[in-house]
Amino acid sequence: MKNGIDSSVQELIRKYSLANAIKFDGKANAKAVIGKLLAERPELRSRARDIITQVNKTVKEINRISITDQISELEKIAPELLETTKERRSKELPPLKEAKIGEVTTRLPPEPSGYPHIGHAYAGYINWYYARQYEGRLILRFEDTNPRNVNQEYYEAFKEGYQWMGIDWDEELNVSDDIPYFYDHAEKLLDRGEVYFCSCSADVISENRRTGAACEHRQTSNEENQKIWNEILEGQHTEGEIVCRLRIDMTHSNAVMRDPNIFRIIDFPHPIQGAKYRLWPTYDFANALEDHRNGISHVLRSNEFASRGELQAYIRNLFSYAQPIIQEWSRFAIEGSPVSKRKIRPLIESEVISGWDDIRLTTLLALRRRGILPEAIREMTREVGLSVAQPILDWSLLLGINRRLVDPLASRYYCVTQPKQVELINTKPFTAKIPYHPDFKDRGSRKIPVEKRVFIDGMDAKQLRKGDIFRLKHAFNLQVEKKTKDTLQCSYAGDELDKAKLKIQWVTPDSIPLRLFIPDVLFIKGEVNQKSLQIIEGLGECALQDVKSETIIQLERKGFGFVEKNGEKVNINMTE
RNA sequence: GCCCUGAUAGUGUAGCCAGGUCAAUCAUCAUGGGCUUUCGCCCCGUGGACCCGGGUUCGAAUCCCGGUCAGGGCACCA
């Protein structure tokens, strides 16, 4: 055969050309066909030039015939290529590196120094997910080695936050319970001459680290270092005066490795340990050893720790401890929503926001009060995954997922704002029966008697002109007879559904006052958004009286919300 | 300043390691329609992206070089 291309290859070319043409309106693309062909028959790659000539020729021929003919020919020679199957499945996290069933241990490592937020939930869920996926263990470990940062109430706050997220753990411990373990290790290093005490100021240490210069303390004799260690444990030396450093390499390309501090004096009572210790390990030292002590197989964390990994591995190597698998992802941000205490605290102090559970924040308390379901956060986490790019998430991602999840759960209620009175001129007394959920009628309904007056939303009233026919939803139709400044006079206009121009929500005169809180992003281009919270007064139907505080409902045509009752007051935090 | 990462529709993400089935996935978003006694949910359709410049190759989102931009680290915080 010409160019040595045999008939089986010819046939393949013809098949793929036809399939490609059919996929794209009868016009095949030679490049796509070549790609497909060479992917399937890699041994042909050496003869790519000949193949290309042949493909070009075939594609030209095929593009000349009609798409119906193309389909019928392909049906004869390769019907399997005509199938177009689309599958849809919910996204899952990728398999974990070097993980075996039953041999995975991960950790939740919060510092109890504030309230858990969506970032903690995200990291927590990933650690939980893999621990459960591989039938392993999950350890809740409070990283409380800085007594000046930690506070008793936050230990509890984290546990509640994780529980709310559906994250359960197999073991709970505090790093601060293991201080003797760190001392043991430090003393071994002291014996081996791996550490020294440095009394340079923090500024000097930092500067030397930048320039790669060693200070005189690096030369301190072992005996002297041992002596200082004991002095500190006995209560000599003061906070800030001296630190214990690991002697590694002051010119290392990773600045973290330039003789890091591993212990410092902190004379401050610890919420759990009290005044038991004054010499506290720093993050890297405690973390590296604690991961080993806990038998952590996989360290799953955000990548702000990336450059510390080398140091932590170095520390474990000093003791010939095995290294865990490390998997990192980028820390993410939500557009316009600060996470850091530094940014939020001033907003609370200046009363821009009401507190750590203000519905504009991303603390778990805030998200819950906004009617966000934990599953929405979990799904969002799976969606964003272990990406190493720098995601700046939009609220719409979380809110969109949440809307879908909350829809089947939320009972529907009527609510009107800027109420406009509607006088019913000639209607007979009527009792409306309104189901709580349109898709689940078995959840029952409430009955609302209608007499001489109802209220509708001001926005709806605005659209109505004299003569218009509209429907009080789940009741009957009305025709506007007269429109005055604060009243619509209406007459009965039948029961047929399709006659009404608008079908609107309404409430009776005995309805209850509501306050709707509508959140928006807190920051726009770095400036505080003055309209980040709208508070709107409204009237809600009586059935809202029976709704328990802290349930998620839908106010029809207004959105989903989280009910909060405070005595007589009914507040509803809208999710968006 | 130095070091490490990264860059795919408006947003997020898959694909990149092992170049061809990518005419680029999925979600969110926007838009048109259907369903609906809600502007909700659901269903169908449509729209929109490989940071820039070189190189290697028959062929580059994918490999190489150079740039640009962004994030993190260089704490006696974690």
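Values reported hereafter were calculated over all heavy atoms of this structure, with side chains retained and with hydrogens, waters and symmetry mates removed. Here is the naming used below: chain letters follow the sequence lines, and residue numbers restart at 1 for every chain. Since the structure is predicted, the reported quantities are computational estimates derived from the model, not experimental observations.
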Of all the choices, [options], which nucleotide is nearest to the side chain of [X] once you look at every atom?
X	options	result
A:Thr282	B:C3, B:A78, B:G71	B:A78
A:Pro391	B:C74, B:A78, B:U13	B:U13
A:Glu556	B:U38, B:G20, B:G6	B:U38
A:Phe305	B:A78, B:C76, B:C41	B:A78
A:Lys473	B:C41, B:U37, B:C58	B:U37
A:Arg209	B:C76, B:G40, B:U21	B:C76
A:Gln505	B:U21, B:C41, B:U38	B:U38
A:Glu383	B:C3, B:G12, B:U11	B:G12
A:Ala255	B:C74, B:A14, B:A78	B:C74
A:Val384	B:G40, B:A78, B:U13	B:U13

> Would you call the rings of A:Tyr115 and A:Tyr154 parallel, tilted or perpendicular if under 30° counts as parallel and over 60° as perpendicular?
Replying inline: perpendicular
> When the ring planes of A:Trp229 and A:Tyr183 are compared, do they come out parallel, tilted or perpendicular, using 30° and 60° as the limits?
Replying inline: perpendicular
Name the pairing partner of [N], where a pair is Watson-Crick or G-U wobble with both distances under 3.5 Å, or state none.
N	answer
B:A75	none
B:C22	none
B:G47	B:C29
B:U13	none
B:A7	B:U68
B:G40	none
B:C63	B:G55

I'd like to know if the side chain of [X] pairs up with that of [Y] as donor and acceptor (distance under 3.5 Å, no hydrogens or angles considered).
X	Y	answer
A:Thr282	A:Asp284	no
A:Tyr492	A:Gln479	no
A:Arg141	A:Asn294	yes

> Taking it one step at a time, do A:Arg446 and A:Glu541 satisfy salt bridge (Lys or Arg N to Asp or Glu O under 4.0 Å)?
Replying inline: CA-CA 10 Å; A:Arg446 66 275 192 192; A:Glu541 61 170 283; 2.6 Å; yes
Between [X] ([atom1]) and [N] ([atom2]), how many Å, whole number?
X	N	atom1	atom2	value
A:Leu386	B:G6	CG	P	14 Å
A:Leu497	B:U38	CG	P	9 Å
A:Leu37	B:C58	CG	C1'	13 Å
A:Leu398	B:U13	CG	C1'	15 Å
A:Phe332	B:U5	CZ	P	24 Å
A:Asn149	B:C76	CG	P	13 Å
A:Asp50	B:G59	CG	C1'	16 Å
A:Glu143	B:A78	CD	C1'	7 Å

[N] to [M] separation - [atom1] atoms, rounded to the nearest Å:
N	M	atom1	result
B:G10	B:C74	P	35 Å
B:U62	B:G55	P	14 Å
B:U68	B:G54	C1'	15 Å
B:C3	B:C42	P	50 Å
B:C63	B:G73	P	27 Å
B:C35	B:C43	C1'	8 Å

>> Please find the pair of heavy atoms, one from A:Arg278 and one from A:His237, that lie closest to each other, and give the distance.
In response: NH2-O, 2.6 Å
>> Both A:Ile392 and A:Asn261 contact RNA chain B. Taking the nearest nucleotide for each, which residue is further toward the 5' end?
In response: A:Ile392
> Nearest nucleotide by nearest heavy atom, which residue falls closer to the 5' end of RNA chain B, A:Ser201 or A:Glu304?
Replying inline: A:Glu304
Taking only N and O in the side chain of [X], is any of them less than 4.0 Å away from OP1 or OP2 of [N]?
X	N	answer
A:Arg331	B:G73	no
A:Ser307	B:U5	no
A:Arg382	B:C26	no
A:Arg403	B:C41	yes
A:Arg308	B:C74	yes
A:Arg49	B:C58	yes

> Contact class for A:Ala306 vs. all strands (heavy atom < 4.0 Å): base, sugar-phosphate, or nothing?
Replying inline: nothing
Between the side-chain atoms of [X] and the base atoms of [N], is any donor-acceptor pair under 3.5 Å?
X	N	result
A:Arg45	B:G59	no
A:Arg557	B:G40	no
A:Asn303	B:G73	no
A:Gln554	B:U38	yes

> Should A:Ile553 and A:Leu544 be marked as a side-chain contact (heavy atoms from CB on, under 4.5 Å) after you check the CA-CA gap, both sets of side-chain angles, and the distance that decides it?
Replying inline: CA-CA 10 Å; A:Ile553 59 161; A:Leu544 281 163; 3.7 Å; yes
> Would you say the side chain of A:Ile205 lies within less than 4.5 Å of the side chain of A:Arg245, judging by non-hydrogen atoms?
Replying inline: yes
